> 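Mind having a look at this structure? Questions to follow.
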Amino acid sequence: MLDKTYDPKEIEARRYPEWEQAGAFRAHPESAKPPYCIVIPPPNVTGSLHMGHALDNTLQDVLIRWRRMKGDDVLWQPGTDHAGIATQMVVVRNLEQEGIGLAVEGAARNDANKKLLNREEFLAKVWEWKAYSGGTITGQLRRLGASCDWSRERFTMDEGLSKAVLKVFVDLYKAGLIYKDLRLVNWDPKMLTAISDLEVESQEVRGHLWYFKYPLEGSDEHIVVATTRPETMLGDTGIAVHPDDPKWKHLIGKHAVLPLVGRKIRIVADEYSDPEKGSGAVKITPAHDFNDFEVGRRHKLEAINIFDKFARVNENAPEKYRGLDRFDARKKIVAEMEELGLVEKIEPHTHAVPYGDRGGVPVEPYLTEQWYADAKKLAEEPLAAARDGRVKFVPERGRDEFFRWMENIQPWCVSRQLWWGHQIPAWYGPDKKVFVAVSEDEAKVEARAHYGKDVALERDPDVLDTWFSSALWPFSTLGWPDRTPELAKYYPTSVLVTGWDILFFWVARMMMMGSYFMKEVPFRTVYLHGLVTDEKGQKMSKSKGNVIDPLELIDKYGADALRFTMTSLAASQAGRLRLAPARVEGARNFATKLWNATRFAEMNGAALPKGFDPSSARLTVNKWMLGELARANTAIDKAMTDFRLNEAANTLYEFVWGVVCDWYVELTKPILQGADGPEKDETRAVTAFVLRETVKLMHPVMPFITEELWDKLGHREEHGPLIGQPWPVPTALDAAADAEMGWLVKLISDIRSARAELNVPAGAKLKLLVIGGDATTAARLERHRAAIERLSRIEGIEAATAAPKASLQIVVGEATYALPVGEVIDLKAEGARLQKEIKKLADEVGKIDAKLGNAAFVSRAPEEVVEEQRERRSQAEQTRARLSTALERLGA
RNA sequence: GGGCGCGUAGCUCAGCGGUAGAGCACUGUCUUGACAUGGCAGGGGUCACAGGUUCAAUCCCUGUCGCGCCCA
């Protein structure tokens, strides 16, 4: 006997290891079954599960478990990401707590008392941290129920994947698609590394626009430039004005003298300068602004780098500013310009400032040599694949977003000045000549060939962008560059499930690398979902204190409840998915409901006879139930196929609660609790059958409770665990049974409503008099007598010619039903109720008449629509007429 | 500034040419032998606003307003 309520804790803790140890999650590349593969978006190895993971991985697991039951050879490829910059940051922060710093060149100014680690020592600490916390997130994914093939778990820095990274870098270099270049890069002065365009977030900042007067050479005149960044004037090498600007065009070709520095700078004509903005004249600092860099190049202006890597003023500036932080330098410069009377005015000004997404400080455009990948070239094939449908996006507008990004893509800066990551396989000779090779030995061979002798080589200290290795994930995890059976069978993978937020970071780059190295896009479908936010639509963050921890929800309501909630949340077209914790509670209640329905079945001897054939059912209620099951089955398959997982969840909810529990269980109680015989046997069998199939249909969404019930129902003994069972195939529908049950449900509902509205005491048992019922109705009433009596609290059903005066009356189909209530009834209230019903129907008839009276409607609308309106009118009118009769009789 | 998405019941959201739906909340009622984490019944909506297309618009088109996201 099942317990009264479902207790997820113990069951979840037991079931998961059981599956895993039985190898239920294993892929079988050797099998003849068709492949279905999803690669997990690898979470940060040292991270922990948040709501985004819970959503993303629930959706993947639902698809995976469904396809597994459908008979595919399923591989859900798990693994973790070394997450270079994020992990390095965490470890650095941890070390700081212990008073340990990094021995980064030039950084020691605040670190006098600190113990400093060199690269090797630091990496040892990171690996230590990984060993300590690396299992956390995979353990939490297990708690969620994720059925990944853990025997194949990979890590972006494990040996095989590192080998893939090296090969990719070297191959792309040799193909000219990776190159080193000196250009402006987004520099994070806190993390002390270059970052890619994508890692820059612009934020609106309320700042100022300073109007500086730059004296003209050999004149008392000034030219006024407006800037949001006064400190960069130390690196100004020119001034740009619009060629047609009447205010300044006469100065083109002349020179100004840069205040505080004394440098002579040229005034150039360039359309970049907007006469409407600021003063119309722009100071040009080629080394510290992307636009200025372009202007500088057009006019051959010198690029003077005035900052060091900490964004402190360097030796290229006048001595008194050296060593100042950029913001201190700003203050000092503004003060001095004011003293010199060179500040014309200062306006408040709101503008976008680029921030590093990790370091959280404004990034500095910084002139350095970095490694770049030719993203434009690599994007060609993915773009073609998206255009011709080799890769599909769900929802479709993902494709447009993808185009928008890929068609305007810039070179991808792949080098990072970090220690944690894949060190770039490039070695430099004494003359800085670079040798790119998969190993130092091979680099040496190349160097020997070049120099004609052995020389000392020095390896490039930089590491690769984290996304470089995750871009290879769909094939590196399958064994590439080796030609493994896994690679042959599972690539391209079936679907990639991820959030909109990493469409460019990750999805686009996987498509680039996959297309290039595998000659085929890495997945057939990209399924994108929104971001989970709190109830108010606010992004969850520690600082706001609105973080909902999925593990707490699992503790409180069970993993299945969380999964159900995530699944029913999934389809929103909005970019954000607001999570109301009450929904999780509702999902927990749903699990309890299913549990109790099973408990009911168990208590009533539901059991599946060997070889039971559902098509042998004779009772209308059972035939109908089996039809409803088939309907749900079909709807769920359709929803899953279309990636409308919320619809699958809603279908399950409505089916289990609204159909099985509310109606089938109640309708069959008289049979199950009545006399023994074939009807009882059949109903017990159908109940057991329906529950067995229901548990299968629910398994992808709620794996734990369903596996438990499957076992408790005794199926495990015979067939093994539920996770490996074949998915149900819908059976045929029975239209006659549907019609009859529709009638029955309406009859019972109408009686219940009338009773409740007239405040007939719930316990009062009334007689049901049938007036004007035909033979079909008589037969139906007879067949369902017990159910009607029980569900609508009736005692006795009899035919009659007219309703007694004091009775409730309802109309269902061709018959009128009277429930004599004697003194209990308030005749006025019953009259009002009937009048309300009549008015509703009359309104409907009126509306339909208006439609049918419209010649354009009748002639232009499709025939079936017109016919349907006529049919509805006739039904409504008949019912209205009968209710009017009933009302008259009440008054009589 | 450019692009996209969203404004539907008190709240969170489905629906997206032809009877407006769910969950939660709310009201009444019921401790009936599966379940009070429940049953039964009910109230609540000019589907943001204004035009247009159509026989017919919550749904398609245009514009306005509000909110959000992405890109500059």
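The shown structure was predicted, so the numbers you read here are calculated from the model rather than taken from an experiment.
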> Using both distances under 3.5 Å as the test, list the Watson-Crick or G-U wobble partner of B:C35, or none.
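None - no nucleotide pairs with B:C35, as no candidate has both distances under 3.5 Å.
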> Any strand is fair game: report the nucleotide pairing with B:C24 by Watson-Crick or G-U wobble, both distances under 3.5 Å, or none.
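Checking every strand shown, B:C24 finds its partner in B:G10, with both distances under 3.5 Å.
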> Between B:C49 and B:C71, how far is it from one C1' atom to the other, in whole Å?
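29 Å, rounded to whole Å.
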> Indicate, yes or no, whether a donor-acceptor pair under 3.5 Å links the base of B:U12 to the side chain of A:Arg578.
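Donor-acceptor pair under 3.5 Å: no.
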> Once hydrogens and angles are ignored, does a donor-acceptor distance under 3.5 Å link the base of B:A56 to the side chain of A:Gln869?
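No, no donor-acceptor pair under 3.5 Å.
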> Please check if the side chain of A:Glu602 supplies one atom and the backbone of A:Leu2 the other of a donor-acceptor pair under 3.5 Å.
yes
> Calculate, to the nearest 0.5 Å, the distance between atoms OG and CZ belonging to A:Ser196 and A:Arg509 respectively.
5.0 Å
> Is the shortest side-chain N/O distance from A:Lys669 to OP1 or OP2 of B:U32 below 4.0 Å?
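For A:Lys669, the contact criterion (side-chain N or O under 4.0 Å from OP1 or OP2 of B:U32) is not met.
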> Considering only atom P, compute the distance from B:G68 to B:U29 and round it to an integer number of Å.
44 Å
> Measure CD/A:Glu757 against P/B:A41 and give the value in whole Å, please.
11 Å
> Let's see if you can work this out: which of B:G23, B:C35, B:A41 has an atom nearest to the side-chain heavy atoms of A:Tyr653?
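Per side-chain heavy atoms of A:Tyr653, the pick is B:G23.
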> Report the distance from atom OH of A:Tyr527 to atom CZ of A:Phe393, rounding to the nearest 0.5 Å.
15.0 Å
> For A:Asp274 and B:G1, give me the distance from atom CG to atom P, rounded to whole Å.
14 Å
> Can you tell me which nucleotide in B:C70, B:A41, B:G18 comes closest to the side chain of A:Phe504?
B:C70
> In terms of side-chain heavy atoms of A:Arg644, which of B:G15, B:A34, B:U37 is nearest?
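Of the options given, the side chain of A:Arg644 lies nearest B:G15.
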> State which of B:A34, B:G38, B:C71 makes the closest approach to the side chain of A:Leu198.
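For the A:Leu198 side chain, the nearest candidate turns out to be B:C71.
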> Could you state the atom-to-atom distance from CG of A:Asn759 to C1' of B:U27 in whole Å?
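Atom CG in A:Asn759 sits about 13 Å away from atom C1' in B:U27.
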> According to a strict under-4.0 Å criterion, is A:Ser753 in side-chain N/O contact with OP1 or OP2 of B:G42?
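Looking at the OP1 and OP2 atoms of B:G42, one of them is under 4.0 Å from a side-chain N or O of A:Ser753.
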> Which nucleotide sits closest to the side chain of A:Lys851: B:A34, B:G42, B:U19?
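Out of B:A34, B:G42, B:U19, the nucleotide with an atom closest to A:Lys851's side chain is B:U19.
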> Roughly, in whole Å, what's the span from CG in A:Asp662 to P in B:A34?
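Taking CG of A:Asp662 and P of B:A34, I get 14 Å after rounding.
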> Look up atom SG in A:Cys413 and atom CD1 in A:Ile195, then write down how far apart they are to the nearest 0.5 Å.
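A:Cys413 atom SG to A:Ile195 atom CD1 measures 9.5 Å (nearest 0.5 Å).
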> Roughly how far, to the nearest 0.5 Å, is the CZ atom of A:Arg692 from the CG atom of A:Leu713?
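It is 10.0 Å, given to the nearest 0.5 Å.
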> Compare the minimum distances between each of B:C24, B:C35, B:C71 and the side chain of A:Arg404, then state the nucleotide with the smallest one.
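Looking only at side-chain atoms, A:Arg404 lies closest to B:C71.
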> Salt bridge or not between A:Asp843 and A:Lys847? Use side-chain N to carboxylate O under 4.0 Å.
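No, no charged N to carboxylate O under 4.0 Å.
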> Would you kindly check whether a donor in the side chain of A:Lys4 faces an acceptor in the base of B:A36, or vice versa, at under 3.5 angstrom?
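No such pair is found, so the answer is no.
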> Watson-Crick or G-U wobble partner for B:A48, using a 3.5 Å limit on both distances?
B:U64
> From C-beta outward on A:Arg397, which listed nucleotide comes closest to its side chain: B:G39, B:C13, B:C4?
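Closest of the options to the side chain of A:Arg397: B:C4.
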> Looking only at atom P, what distance separates B:C4 and B:C60, rounded to whole Å?
15 Å
> Given B:G43, B:C35, B:A34, identify the nucleotide with an atom nearest to the side chain of A:Lys836.
B:G43
> Using purine N1 to pyrimidine N3 plus N6-O4 or O6-N4 for Watson-Crick, or N1-O2 and O6-N3 for G-U wobble, each under 3.5 Å, what pairs with B:C69?
B:G3
> Between atom CZ in A:Arg872 and atom P in B:G18, what is the gap in whole Å?
12 Å
> Does A:Trp405 make a side-chain N or O approach to OP1 or OP2 of B:C4 shorter than 4.0 Å?
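No, no such contact exists.
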> Can a side chain N or O of A:Gln673 be found less than 4.0 Å away from OP1 or OP2 on B:A34?
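For B:A34, OP1 or OP2 has a side-chain N or O of A:Gln673 closer than 4.0 Å.
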> Out of B:G42, B:C35, B:G38, which nucleotide sits closest to the side chain of A:Asn596?
B:C35
> For B:U27 versus B:G43, give the span between their P atoms, rounded off to a whole number of Å.
15 Å
> May I have the distance from A:Asn604 (atom CG) to B:A34 (atom C1'), rounded to whole angstrom?
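A:Asn604 atom CG is separated from B:A34 atom C1' by 8 Å.
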> Would you mind reading off the distance between A:Trp500 atom CH2 and B:C4 atom P, rounded to a whole angstrom?
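Rounded to whole Å, this separation is 13 Å.
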> Is any side-chain N or O of A:Lys847 closer than 4.0 Å to OP1 or OP2 of B:G18?
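False: A:Lys847 side-chain N/O out of range (4.0 Å or more) of B:G18 OP1/OP2.
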> Whole angstrom is fine here: how far is it from CG in A:Asn650 over to C1' in B:C24?
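From A:Asn650 CG to B:C24 C1': 14 Å.
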> Quick one: pull up CG in A:Leu766 and CZ in A:Arg793 and give me the separation to the nearest 0.5 Å.
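Going from CG on A:Leu766 over to CZ on A:Arg793, the span is 10.5 Å.
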> Which of the following nucleotides, B:A34, B:U32, B:C70, is nearest to the side chain of A:Ala597?
B:A34
